[in-house]
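First the structure, in the form of structure tokens, and then the observations on it.
Everything numeric in this text was worked out from a predicted model, so none of it was measured.
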Amino acid sequence: MDVLMRHKEAQLTRALLTYAAECLHDGDYAALRDLGFGEEELRSLQSLTIETVTLLSHHLQLHGHVLQVRLDRGAFRQLLAQVHRESERTHLKRELVRREAPAGLMASLYDMGIREYTSLRRAVRLTRGPGRPPPIRMRPPLRWSGGHGRTTTAPGIPRS
């Protein structure tokens with residue numbers, strides 16, 4: 001067996017044993033039963049010390065894992081579908097905000113608070129918010145000064 005594969009399998013086994021130890025500590029015996037732990041394995045797990053865990057880790061790297069892992073395809077598909085729906089919803093929210101949907105509309109459609117709305121506006125780089133727009137700088141009016149082909153600013157207005 002490939003050394004890299006054994007290392008990955010050892011990591012998986014260590015992760016499972018850590019999870020099992022936490023379940024045991026929390027008294028979650030249903031989760032332990034679902035993993036296939038019986039009374040004898042639970043007693044062994046309770047008696048592990050740092051030294052035995054270190055030895056176990058070494059042996060796992062040499063011999064691979066002691067697990068039979070399988071995927072619950074139905075649960076996996078449901079999870080992927082949920083993540084996909086959530087991703088589409090997030091994309092739609094971003095697109096609406098990017099197209100400057102008002103905060104009130106976003107609140108009624110998505111129960112979005114003003115903080116989330118403002119944060120989303122920043123994320124899509126829309127910084128202008130509600131309120132007055134910034135003042136527009138206008139050039140001073142020009143005045144015709146006869147037939148000389150020159151223009152000057154109106155009296156009292158400095159030329160920029």
Side-chain angles (χ1 to χ4, degrees), residues 1-139 160:
M1 180 181 282
D2 180 283
V3 173
L4 182 59
M5 181 60 87
R6 274 186 280 179
H7 178 71
K8 290 178 183 177
E9 291 173 346
Q11 285 180 316
L12 179 61
T13 303
R14 269 195 303 277
L16 174 82
L17 290 174
T18 301
Y19 174 75
E22 289 174 5
C23 287
L24 188 60
H25 180 267
D26 295 341
D28 190 355
Y29 298 105
L32 291 166
R33 275 191 303 278
D34 288 345
L35 290 173
F37 282 90
E39 292 297 321
E40 185 179 331
E41 291 84 12
L42 292 178
R43 279 192 296 276
S44 296
L45 191 59
Q46 282 177 321
S47 68
L48 288 179
T49 64
I50 299 287
E51 182 181 341
T52 54
V53 169
T54 303
L55 286 170
L56 182 62
S57 293
H58 177 69
H59 283 282
L60 287 172
Q61 287 179 348
L62 293 176
H63 305 290
H65 67 84
V66 293
L67 305 174
Q68 292 180 359
V69 179
R70 58 180 195 276
L71 178 69
D72 182 340
R73 290 182 174 149
F76 184 66
R77 279 189 225 112
Q78 283 181 341
L79 179 64
L80 287 179
Q82 181 181 353
V83 167
H84 183 68
R85 284 190 305 271
E86 196 173 311
S87 174
E88 286 178 348
R89 180 180 166 101
T90 300
H91 176 73
L92 184 57
K93 284 168 41 174
R94 284 177 163 270
E95 185 62 22
L96 286 170
V97 170
R98 189 184 69 73
R99 293 179 182 225
E100 299 189 14
L105 175 67
M106 298 304 287
S108 66
L109 288 176
Y110 296 105
D111 197 29
M112 184 183 291
I114 194 67
R115 283 186 180 166
E116 183 183 0
Y117 179 75
T118 305
S119 173
L120 206 48
R121 285 182 62 86
R122 282 191 198 112
V124 295
R125 293 196 161 78
L126 293 174
T127 55
R128 190 187 63 181
R132 289 187 182 163
I136 298 173
R137 286 197 47 165
M138 296 183 67
R139 293 178 46 190
S160 343

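- Residues Leu42 and Gln46 are not in side-chain contact: their nearest non-hydrogen atoms beyond the backbone lie 4.5 Å or more apart.
- Residue Asp111 qualifies as open at atom CG: its count of foreign heavy atoms under 6.0 Å is 12 or below.
- Heavy atoms only, all atoms of each residue included: Tyr19 and Ala31 are closest at OH-CB, 3.8 Å.
- The side-chain hydrogen bond (donor to acceptor under 3.5 Å, both in side chains) search around Glu88 returns His84, not counting sequence neighbours.
- The heavy-atom pair separating Arg94 from Val124 by the smallest distance is NH1-CG1, 3.8 Å.
- Residues Ile114 and Thr118 have side chains in contact (heavy-atom distance under 4.5 Å, counting atoms from C-beta outward).
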Practice task
Test Arg98 against Glu95 for salt bridge (charged side-chain N to carboxylate O under 4.0 Å, His left out), laying out the working first.
Solution key: CA-CA 5 Å; Arg98 189 184 69 73; Glu95 185 62 22; 2.6 Å; yes

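- Of all non-hydrogen atoms in Glu116 and Lys93, the two that sit nearest each other are OE2-NZ, 3.0 Å.
- In this structure, Phe37 and Leu24 have side chains that are not in contact, with every pair of non-hydrogen atoms separated by 4.5 Å or more.
- Under a 3.5 Å cut-off, the side chain of Glu41 and the backbone N or O of Gly38 do form a donor-acceptor pair.
- Checking Thr90 against Ser87 by side-chain atom types alone, no donor-acceptor pair falls below 3.5 Å.
- Atoms CZ and CG, from Arg85 and Leu80 in turn, are 10.5 Å apart once rounded to the nearest 0.5 Å.
- Contact check for Leu109 versus Leu96: side-chain heavy atoms found under the 4.5 Å cut-off.
- The heavy-atom pair separating Leu45 from Ala21 by the smallest distance is CD2-N, 3.9 Å.
- Looking at Ser119, its side chain never comes within 3.5 Å of a backbone N or O of Arg115 through a donor-acceptor pair.
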